Amino acid sequence: WRFDMIQAMTEFVNWQHFPAFISVIATSLTAWSAIRITKLSRKNQLALENRKMKQDMYFAYLDAIGNYGNTAKNQTDDEIERNTNQWVDAHNRLVLVGNTESINAMMAFEECAKKSTRNQQPGEYKQVLDHLIKAFRADLFDDKAVNQNLTQLSLLTASLKKPLADIEE
């Protein structure tokens, strides 16, 4: 029985078929490599699209809070409603796509912004806004160390050219 098995294996490995066997292996490896490269390329493309989407939504949110914060007393009710709707829309979009840290920072910022409009601790408002920006940056770069050497961050408003946290109503 053992001799038959060895003889069968020897006959199976016929050196005449060896080049064909090698070409089948080479073709299989080439196909596997092409599929793998396509998957990795698609994965990288999706990651870039996801980052771009988050970046656009983070900018929209920061723009919305800037517009809302700049709401002047002489604006019409329609302008105030538009700025409020812009903030609400940006908030809702971020709840769907932001990471946990960004969402928590956004919620803390909004809670603090409510207090800040009642003329309570502006220092806390600046600190929470700083944490919000850093959370957005950490999510965009997928690395918390991106904020390691940064001190307090602030945003400039287009109309006032001063930090958003310094705007008082």
Side-chain angles (χ1 to χ4, degrees), residues 1-2 4-70 81-114 125-158 163-165:
W1 178 82
R2 192 171 162 147
D4 292 339
M5 181 75 105
I6 293 172
Q7 186 178 5
M9 288 175 61
T10 306
E11 290 175 7
F12 179 75
V13 180
N14 186 343
W15 292 106
Q16 292 174 345
H17 300 296
F18 189 70
F21 179 70
I22 294 297
S23 67
V24 167
I25 289 176
T27 304
S28 298
L29 286 174
T30 303
W32 178 83
S33 296
I35 291 169
R36 187 73 180 138
I37 289 170
T38 302
K39 282 185 177 182
L40 288 174
S41 175
R42 181 69 180 143
K43 181 180 176 183
N44 288 340
Q45 180 184 3
L46 289 174
L48 287 174
E49 288 174 6
N50 185 36
R51 184 173 189 264
K52 175 69 173 137
M53 176 189 62
K54 283 185 176 186
Q55 180 180 340
D56 291 345
M57 291 201 183
Y58 288 152
F59 281 136
Y61 183 80
L62 295 173
D63 188 43
I65 63 174
N67 289 341
Y68 187 82
N70 287 333
E81 183 179 349
R82 185 185 68 237
N83 290 338
T84 303
N85 289 339
Q86 182 186 16
W87 187 353
V88 168
D89 183 54
H91 167 95
N92 291 341
R93 289 173 187 259
L94 280 183
V95 167
L96 295 175
V97 299
N99 69 2
T100 305
E101 185 177 349
S102 296
I103 293 171
N104 287 337
M106 178 181 66
M107 300 303 272
F109 169 78
E110 291 176 359
E111 192 60 38
C112 185
K114 290 176 191 174
Y125 180 80
K126 289 179 184 180
Q127 184 179 9
V128 174
L129 178 61
D130 175 67
H131 179 68
L132 174 70
I133 296 168
K134 287 180 178 178
F136 287 175
R137 287 175 46 84
D139 187 26
L140 283 176
F141 293 101
D142 200 22
D143 181 13
K144 290 184 180 186
V146 72
N147 296 319
Q148 188 173 9
N149 295 324
L150 294 175
T151 57
Q152 187 169 2
L153 299 174
S154 64
L155 299 173
L156 294 177
T157 60
L164 179 62

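Counting from 1, the numbers follow the sequence of the chain as shown. Here the structure is a predicted model, which is why all the values come from computation and not from measurement.
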Pair Asn44, Ser41: side-chain N/O donor-acceptor within cut-off below 3.5 Å: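 No, no side-chain donor-acceptor pair sits under 3.5 Å.
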Note, [X] side chain near [Y] side chain (heavy atom, < 4.5 Å):
X	Y	value
Lys54	Arg51	no
Thr38	Ile35	no
Asp63	Gln86	yes
Ile103	Met107	yes
Glu49	Met53	no
Leu46	Asn50	no

When rounded to the nearest 0.5 angstrom, what distance separates [atom1] in [X] from [atom2] in [Y]?
X	Y	atom1	atom2	answer
Ile65	Asn83	CD1	CG	12.5 Å
Lys134	Ser102	NZ	OG	14.0 Å
Asp89	Tyr61	CG	OH	12.5 Å
Asp139	Gln55	CG	CD	11.5 Å
Leu62	Met57	CG	CE	13.5 Å
Cys112	Leu129	SG	CG	9.0 Å

Considering residues at least two apart in sequence or located in another chain, which fulfil the side chain to side chain contact (heavy atoms under 4.5 Å, CB included) criterion with Val146?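 So Val146 forms a side chain to side chain contact (heavy atoms under 4.5 Å, CB included) with Arg137, Phe141.
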Minimum heavy-atom separation for His131 and Ala105, please, with both atom names.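 Taking every non-hydrogen atom into account, CD2-CB, 3.5 Å.
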Would you say CG of Asp142 has more than 12 non-hydrogen atoms from neighbouring residues, nucleotides or ligands within 6.0 angstrom?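 No - once you tally the heavy atoms of other residues, nucleotides and ligands closer than 6.0 Å, there are 12 at most.
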Carefully, step by step, assess Leu94 and Phe136 under the rule side chain to side chain contact (heavy atoms under 4.5 Å, CB included). CA-CA 10 Å; Leu94 280 183; Phe136 287 175; 3.7 Å; yes
Asp130 with Lys126: basic N within carboxylate O range, under 4.0 Å: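 Looking at Asp130 and Lys126, the cut-off is not met.
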Quick one, Met106 with Val95, criterion side chain to side chain contact (heavy atoms under 4.5 Å, CB included). Give me CA distance, side-chain angles, the key distance, then yes/no. CA-CA 9 Å; Met106 178 181 66; Val95 167; 3.7 Å; yes
Please check: side-chain N/O of Thr27 versus main-chain N/O of Ser23, any donor-acceptor pairing under 3.5 Å?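 Indeed, once roles are kept as given, a pair shorter than 3.5 Å links the two residues.
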Anything under 30° is parallel, anything over 60° is perpendicular, the rest tilted; go ahead and classify Trp87 against Phe109.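 Geometry flag for Phe109 against Trp87: tilted rings.
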